[in-house]
Trainee: 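First the structure, then my questions, so here it is.
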Amino acid sequence: MSQSLHFFTPSSNISLPKHHSSLFTPSLTTSNRPFAVTTKQRFFTIKSNASSSSSDPKVLTTDNGTAEILSRVSQTPASSTDSSSIEVDSVTEAELKENGFRSTRRTKLVCTIGPATCGFEQLEALAVGGMNVARINMCHGTREWHRRVIERVRRLNEEKGFAVAIMMDTEGSEIHMGDLSGPPSARAEDGEIWTFTVRAFDSPRPERTITVNYDGFAEDVKVGDELLVDGGMVRFEVIEKIGPDVKCRCTDPGLLLPRANLTFWRDGSLVRERNAMLPTISPKDWLDIDFGITEGVDFIAISFVKSAEVINHLKSYIAARSRDSDIAVIAKIESIDSLKNLEEIILASDGAMVARGDLGAQIPLEQVPSAQQKIVQLCRQLNKPVIVASQLLESMIEYPTPTRAEVADVSEAVRQRADALMLSGESAMGQFPDKALTVLRSVSLRIEKWWREEKRHEAMELPDVGSSFAESISEEICNSAAKMANNLEVDALFVYTKTGHMASLLSRCRPDCPIFAFTSTTSVRRRLNLRWGLIPFRLSFSDDMESNLNRTFSLLKARGMIKSGDLVIAVSDVLQSIQVMNVP
Ligand SMILES: Nc1ncnc2c1ncn2[C@@H]1O[C@H](COP(=O)(O)OP(=O)(O)O)[C@@H](O)[C@H]1O
Ligand SMILES: C=C(OP(=O)(O)O)C(=O)O
Ligand SMILES: [K+]
Ligand SMILES: [Mg+2]
């Protein structure tokens, strides 16, 4: 049984919604022969027998010496991928099979990769643990190191059937300390005198000397200024300036970590002066961005965004250089200026990050929670994905169990329906990266379930974000479909989407059921990884929704991911339609 609503665009013949009770016929079309799994174990691609001639398995040897059979699909770019196959990441598939639709996690997880997690097996453990996006922070590590991490993530995806996206995060022009020559960290004690200097050292530097990356530093600070390391984890008072050297007395002791951020305060206010004149994207950042474009990363996160202008500039730069111009630009909200120009920045970007680490160094800490809530809400209204980042599970850098307060913080971000949560030091250099990821995963699942059980749908006003009539129709379709899905308690929403836009509109509604997003390109699929509640599949589909649905049902049933009788609502940006049906 199926019922469908169609909305025809563009301008001509806007007709009232029609009911087609027979659009969907449960019988399989001739193209849907019985299916055979042509790949082994972890790589989950299914093809119909009809096309088996083009899918001779290829044997590859992996790191640990086990032979895995990969279909040619995994070796070829999306455009030439066999049209009769469907791809979904192996973790989601296992989760769906084991626990059904309701149990899938809606909140996405981003892990910063660092020395603790850069090996192939460590990356695999994170992928198995639910990492949706791997972040590399260009503040740290060498070009070669970044390249190797990207290569390993790509290899994991190909060989093991994951769909982990890659986010590159720029260093930005902020002032920070240099590397500590030798030790991984240094402790500053109360009353000690330390020298902050813009001099470069060839030979070992004198004791208690810290290099600073910003040439204007010694000129800009004044005697009496307060110097905050990492937003106040350690504090100093400037007592004397001698040429390039700034002598400071430690007033709040603590651990100095390499490349820690520095801010200075005068009479209780953040000094921004020349620092504020530095470009958001530094010359080094542009080189990193070129590297990211060449490597085909999925997201570029821009540190210390001040206005929409820089985002627009970067987006046209990417569009001119990248083949499909499909790298999403994420604005990091971590400065006073970014809060001032919040709406224009979010509108210009493809997503935002609540970068609480630096944000908490620029505004009073007690203002961070309300800023977070505001950013998360605004992103949802404007249909941009949002990541809540920094110190979610900070104590797990050292300890295997989080504090109760950290669990409450994670819960709050999940309750706010942020698209994604991010681990920084916990996964980059902590002692328990997998455990930290497990905490994010289990807290997300529990809070999401609790929220659904309590039926606490907060009625968020979702403004029209489209600029054309056709886009408004898509929005209305998605809003209605999501509402119907909640009211009818359907098992899943299906969306067929070329650019991912229609899928994002469904995600924006934060419906009770999971959203299966079918898209024909691998890069769109990877980018949808950051969106709340979306399960992205790669599938070639046609303009004929009836055959798309038939084929999807067959493919998913053959994999045990849906079963006869499941109630599904399907929408598509091909036909601008809503269909309600039971899986035949
Ligand atoms: N590529 C890397 N190489 C070495 N250490 C790293 C790397 N990435 C992250 N780290 C470590 O993890 C910590 C937390 O990461 P992150 O929050 O991304 O950076 P930051 O502390 O500079 O804002 C860093 O301070 C650094 O010690
Ligand atoms: C995520 C952040 O940025 P970074 O780790 O690059 O400083 C932050 O400041 O919270
Ligand atoms: K950064
Ligand atoms: Mg930051």
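Counting starts at 1 for both ligands and their atoms, in listed order.
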Trainee: Show which atoms of ligand 2 fall inside a sub-4.0 Å distance from at least one heavy-atom site of Arg356.
Mentor: 10 (O)
Trainee: Do Pro253 and Arg187 have side chains that approach each other closer than 4.5 Å (heavy atoms only, starting at C-beta)?
Mentor: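 In short, these two side chains touch, coming nearer than 4.5 Å.
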Trainee: Thinking salt bridges, do Glu226 and Arg266 make one under a 4.0 Å N-O criterion?
Mentor: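 Answer for the salt bridge query: no.
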Trainee: Taking 4.0 angstrom as the limit and counting only heavy atoms of Glu334, give me the atoms of ligand 2 inside it, by number and element.
Mentor: 2 (C), 3 (O), 8 (C), 9 (O)
Trainee: Go through ligand 2 atom by atom and flag the ones less than 4.0 Å from a non-hydrogen atom of Met353.
Mentor: 1 (C)
Trainee: Looking at Arg199 and Asp245, is any side-chain nitrogen of the basic one under 4.0 Å from a carboxylate oxygen of the acidic one?
Mentor: yes
Trainee: Using a cut-off of strictly less than 3.4 Å, determine whether Thr170 has an N/O/S atom near the K ion (ligand 3).
Mentor: yes
Trainee: Of all the heavy atoms in Gln362, does at least one lie under 4.0 Å from an atom in ligand 2?
Mentor: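 So Gln362 does not count as touching ligand 2.
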Trainee: With backbone taken as N, CA, C and O and side chain as the heavy atoms from C-beta onward, which portion of Ser390 lies under 4.0 Å from ligand 2: side chain, backbone, both, or neither?
Mentor: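 It is the side chain that gets close, since no backbone atom is under 4.0 Å.
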Trainee: So if I apply the side-chain contact (heavy atoms from CB on, under 4.5 Å) rule between Met353 and each of Asp169, Val388, Val386, Val110, which one comes out positive?
Mentor: Asp169
Trainee: Under 4.0 Å, heavy-atom basis, I'd like to know which part of His140 is in contact with ligand 2: side chain, backbone, both or neither.
Mentor: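 For His140, there is no contact with ligand 2 at all, from either part.
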Trainee: As a test of reading the model: which N/O atoms of the protein lie under 3.5 Å from N/O atoms of ligand 1, and at what distance?
Mentor:
unit_1, atom_1, unit_2, atom_2, d
ligand 1, 18 (O), Arg135, NH1, 2.8
ligand 1, 18 (O), Asn137, ND2, 2.8
ligand 1, 19 (O), Asn137, ND2, 3.1
ligand 1, 19 (O), His140, NE2, 3.4
ligand 1, 22 (O), His140, NE2, 2.7

Trainee: So which of Gly357, Ala355, Cys139 gets nearest to atom 2 (C) of ligand 2, if we judge by its closest heavy atom?
Mentor: Ala355
Trainee: What I want to find out is whether Asp419 reaches Lys108 closely enough, with some N-O distance under 4.0 Å, to be called a salt bridge.
Mentor: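 Not counted as a salt bridge, because no side-chain N and carboxylate O are separated by less than 4.0 Å.
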Trainee: Does an N or O anywhere in Glu174 fall below 3.5 Å from an N or O of ligand 2?
Mentor: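 So ligand 2 has no N or O lying under 3.5 Å from an N or O of Glu174.
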Trainee: Would you mind telling me if ligand 2 is within reach of the side chain of Asn137, the backbone, both or neither, using heavy atoms under 4.0 Å?
Mentor: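 Under 4.0 Å from ligand 2, Asn137 contributes side-chain atoms alone.
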Trainee: Thinking salt bridges, do Asp350 and Arg527 make one under a 4.0 Å N-O criterion?
Mentor: no
Trainee: So do Trp194 and Leu227 actually touch side chain to side chain, heavy atoms under 4.5 Å?
Mentor: no
Trainee: Can you give the angle Ser303 OG - the K ion (ligand 3) - Asp169 OD1, rounded to 10°?
Mentor: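 The OG/OD1 angle about the K ion (ligand 3) sits at 60°.
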Trainee: Tell me, do Asn261 and Asp358 make a side-chain contact under 4.5 Å, heavy atoms counted?
Mentor: yes
Trainee: Side-chain contact, heavy-atom cut-off 4.5 Å: Ile345 with Ile333?
Mentor: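 Side-chain contact under 4.5 Å: yes.
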